[in-house]
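Note that the structure is a prediction, hence the values are computed from the model and not measured. Quick note on labels: first sequence line is chain A, next is B, and so on, each numbered from 1.
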2 protein chains.
Amino acid sequence: MDLRAVRSPAMTDVAKLAGVSHQTVSRVLNDHPNVREQTRLRVRAAIAELGYRPNSAARALVTGRSQLIGIVAQNSTLYGPASLLAAFEQAAAEAGFAVSVGSVGRMDRESIAGAVERHLDQRVAGLVVIAPVASADDALDDMPDDVPLVTIDGDPARSRALVTVDQAAGARQATELLLAAGHRTVWHVSGPPDWYDAAGRADGWRSALEAAGAEVPPVVAGEWSAASGYAAGRMLARMPEVTAVFTANDHQALGLLRALSEHGRRVPDDVSVIGFDDVPEAEFFIPPLTTVRQAFDAVAQAGLELLLAQISDEAPPAEQIVIAPTLVARSSVGPPPHRV
Amino acid sequence: MDLRAVRSPAMTDVAKLAGVSHQTVSRVLNDHPNVREQTRLRVRAAIAELGYRPNSAARALVTGRSQLIGIVAQNSTLYGPASLLAAFEQAAAEAGFAVSVGSVGRMDRESIAGAVERHLDQRVAGLVVIAPVASADDALDDMPDDVPLVTIDGDPARSRALVTVDQAAGARQATELLLAAGHRTVWHVSGPPDWYDAAGRADGWRSALEAAGAEVPPVVAGEWSAASGYAAGRMLARMPEVTAVFTANDHQALGLLRALSEHGRRVPDDVSVIGFDDVPEAEFFIPPLTTVRQAFDAVAQAGLELLLAQISDEAPPAEQIVIAPTLVARSSVGPPPHRV
DNA sequence: GGATGCATTGTTAGCGATAACAAGCTCCGC
DNA sequence: GCGGAGCTTGTTATCGCTAACAATGCATCC
């Protein structure tokens, strides 16, 4: 009996037990073709018996690449980014990759570059950057181009491999639904203008109005918070001509609903409201919120596929995938009030 | 000119440029004491000139430990876990650690053990497990005990290094506030009973009622979702004797508010409501929600400190930290309606 | 002035895996 | 029966770093 702390078994231990060389063990582990079936089984048995697990650091050292995928995302509890992160981890784990997260406080060039560097230190096999603002793309311009990279929510003109959600299409659907309900026009509470998502949603809204020949009211500038929706709502609630509002996300819609309620304007009787994101709680707003759902898991899945293809050199590093959002109809939308 | 892909510089390159041995470079990098100041500067200059960055895989291989911290958490977009994760990344990054996330679909023994193993493969320096349910603790029982480990939200009786929020204290505060407002008793919509958080909140609620000599109504069992709060609300709304409700989280409170509103019961005039978590939107519920805030960043900070202390052997691996939550008063609480 | 000690630096050996090459074996065709 | 092809396996070098030990120089002490 050896009482020393049991060192976890290495490849040579397996080799000894199976009566082969460590190299043969390596071949079995990496599914090399030219190993006799009988040998393979013997090695497998030895691996199981010892509870051997390969040392990823050693592998990374010699191959120059790890089984790690880095994700750079904004450190936020916003529903969108958080969901995306969760979905991505899930997908990566299924593909046998670990996920290292480098969150940044702000989406400026310096922060992003720092997070990217930290990941490169870890010799990540690939990198996913959630880059919803222009400044994030800036940081990627001076990335070394031998690292597989996929951008989420970035600028189609500047990114190579990219997955985005068609924000404009979602916004168009929302706006069209309101117009179809009989509203003369639709107001919009926007997100921060430097976010691509926000810009896309505003564009979709505007183009739908223009296509329908409806008047385009001024954008009410907000950011993603409920507070900004509330502030917008306090203004809009006092304007009787406002009968339909499309907000850039659900949290804004929540704030808007509260402001409308405080001013005695009923939803959807007096004002119809549509949000964006379909947060789990949207169904329980007062009233239940009609909104646009983004399929975050589809985004994550697509992103991972693009990345893995690059890692294994199966695909050119330039491909762009667009995911379509879907409208979820609930009771916050109705016809405009009867004209008095 | 050499046109081959430029291999990123290694320690020997730095050593050659600085005119020292690679070992001296290593000493400079690891802040060993016995290096002459002048030499240190020369090495630093060479590092800067070459843009040298140490290879973490090589270091991990030889030391048997990486600059990686593993986090095991449930793959969820619940506000609590997501916030905790974000706060933790932030804190770890500041300490120079990368964070690898292993999310699990369900909190059962097998899933957790799997996630832990994947992290051990990566030779993580330490492990943080967010273990809000008993089954998660089970999985940790057969963890090798030479890996630094901190549990968040686990069972004090079974964990060594542990950070928790004093759920019971928060619940007591909430309940006492309602009693002080004049309510004869307080009803409770609970979380899933196998979550420690949920159990702690229920305990605090019950003990506050008992201490005040108030009647203890039956617990309305829910889970964390707004849907369960809504379901509970539809029942409670029909019971005129219910004038105060404490829900186990804010999302449930949202659902409850909607159910009350649908039944024409006004908040806080007819019913007072208190939630738990203080999600950013709580301020914009109808009406603004009184709730209990957990300081997630404090939890993360404390957890990381415990872990780093273990990693550097500065502290015994057994210490428990309890973070106190704070009550955030808003307008969803008022005196009970006048008895008719 | 030689022994002692400390600060500073270099040398060598490995960590655990993969890659490149070499070697043995079997099978085949002529 | 012999050479070559192809399958299977082993040997050796190597990735970039840290640990352990060795070696050097210089100040200090008796």
Side-chain angles (χ1 to χ4, degrees), chain A residues 4-44 46-47 50-68 120-125 312, chain B residues 4-44 46-47 50-68 120-125 311-313:
Chain A
R4 288 172 314 176
V6 273
R7 181 178 55 84
S8 68
M11 199 172 262
T12 50
D13 301 317
V14 175
K16 206 175 301 173
L17 181 60
V20 296
S21 75
H22 70 273
Q23 179 60 8
T24 299
V25 177
S26 168
R27 279 192 268 256
V28 171
L29 282 171
N30 293 288
D31 286 324
H32 277 232
N34 298 335
V35 178
R36 210 182 349 155
E37 193 54 27
Q38 187 191 333
T39 314
R40 191 184 300 275
L41 292 175
R42 214 148 25 101
V43 170
R44 287 257 161 73
I47 287 174
L50 292 178
Y52 165 78
R53 339 205 73 220
N55 182 322
S56 55
R59 175 180 280 160
L61 176 59
V62 70
T63 60
R65 202 124 287 182
S66 63
Q67 284 286 104
L68 240 196
L120 294 182
D121 280 359
Q122 302 282 331
R123 299 297 193 275
V124 292
S312 59
Chain B
R4 287 172 314 175
V6 273
R7 181 179 54 85
S8 67
M11 199 172 262
T12 50
D13 301 317
V14 176
K16 206 175 299 173
L17 182 60
V20 296
S21 74
H22 69 273
Q23 178 62 0
T24 299
V25 177
S26 169
R27 280 191 267 257
V28 170
L29 282 170
N30 294 287
D31 285 324
H32 275 231
N34 298 335
V35 177
R36 215 187 338 161
E37 194 53 29
Q38 186 191 332
T39 313
R40 193 184 298 276
L41 291 175
R42 213 149 24 102
V43 171
R44 287 257 162 73
I47 288 174
L50 292 178
Y52 166 78
R53 338 205 75 219
N55 182 322
S56 56
R59 174 179 281 161
L61 176 58
V62 70
T63 59
R65 202 126 285 185
S66 63
Q67 284 288 102
L68 240 195
L120 294 183
D121 280 359
Q122 302 281 330
R123 299 298 192 274
V124 292
I311 289 175
S312 57
D313 269 331

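If you measure from atom CD of A:Glu37 to atom C1' of D:dT8, you get 13 Å, rounded to the nearest angstrom. The separation between B:Leu61 atom CG and C:dA13 atom P is 18 Å, rounded to whole Å. Summarising the geometry, the separation between CD on A:Gln67 and P on C:dA17 is reported as 14 Å, rounded to the nearest angstrom. Between the P atom of D:dT11 and the CD atom of A:Gln23 lies a distance of 11 Å, rounded to the nearest Å. Remark: P of C:dG16 and NZ of A:Lys16 are 12 Å apart, rounded to the nearest angstrom. When the C1' atom of C:dG10 is taken as reference, atom CE of B:Met11 falls 14 Å away, rounded to whole Å. If you take CZ of A:Arg59 and P of C:dC15, they are 18 Å apart, rounded to a whole angstrom. For the pair A:Arg65 CZ and C:dT18 P, the interatomic distance rounds to 16 Å; values are reported in whole Å.
Bending across the helix from C:dG1-D:dC30 to C:dC30-D:dG1, expressed as the angle between its end axes from five pairs apiece, amounts to 50° (10° rounding).
Using a 4.0 Å cut-off, no side-chain N or O of B:Thr63 falls inside it from OP1 or OP2 of C:dC15. Remark: A:Asn34 is not in phosphate contact with D:dT9, judged by side-chain N or O atoms under 4.0 Å from OP1 or OP2.
Using a 4.0 Å heavy-atom criterion, one finds that B:Ser21 contacts the bases of the nucleic acid, with or without backbone contacts as well. Heavy atoms of A:Asn55 sit under 4.0 angstrom from primed sugar atoms or phosphate atoms, though from no base atom. Within the nucleic acid shown, B:Thr39 comes within 4.0 Å of sugar-phosphate atoms alone, with no base atom in reach, counting heavy atoms only.
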A:Leu41/A:Glu37 under side-chain contact (heavy atoms from CB on, under 4.5 Å): CA gap, chis, key distance, verdict: CA-CA 6 Å; A:Leu41 292 175; A:Glu37 193 54 27; 4.3 Å; yes

- request: Output, in order, the C-alpha distance, side-chain angles, deciding distance and verdict of side-chain contact (heavy atoms from CB on, under 4.5 Å) for B:Arg42 and B:Thr24.
  value: CA-CA 11 Å; B:Arg42 213 149 24 102; B:Thr24 299; over 6 Å; no

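The structure places CZ of A:Arg27 at 4.5 Å from CD of A:Gln23, a figure rounded to the nearest 0.5 Å.
In the set C:dG16, D:dG10, D:dC17, C:dG16 carries the atom at the smallest distance from any side-chain atom of A:Val62. Among C:dT18, D:dG16, D:dT8, the nucleotide with an atom closest to any side-chain atom of A:Arg36 is D:dT8. Each of D:dG10, C:dA17, C:dT9 was ranked by its minimum atom distance to the side chain of A:Thr24; first place goes to D:dG10.
The base of C:dT11 is not paired with the side chain of B:His22 by any donor and acceptor separated by under 3.5 Å. For D:dG10, the base has a donor-acceptor partner in the side chain of A:Arg27 [N/O atoms by modelled type, under 3.5 angstrom].
When side chains are defined from C-beta on, B:Leu29 counts as touching B:Met11, because their heavy atoms get closer than 4.5 Å.
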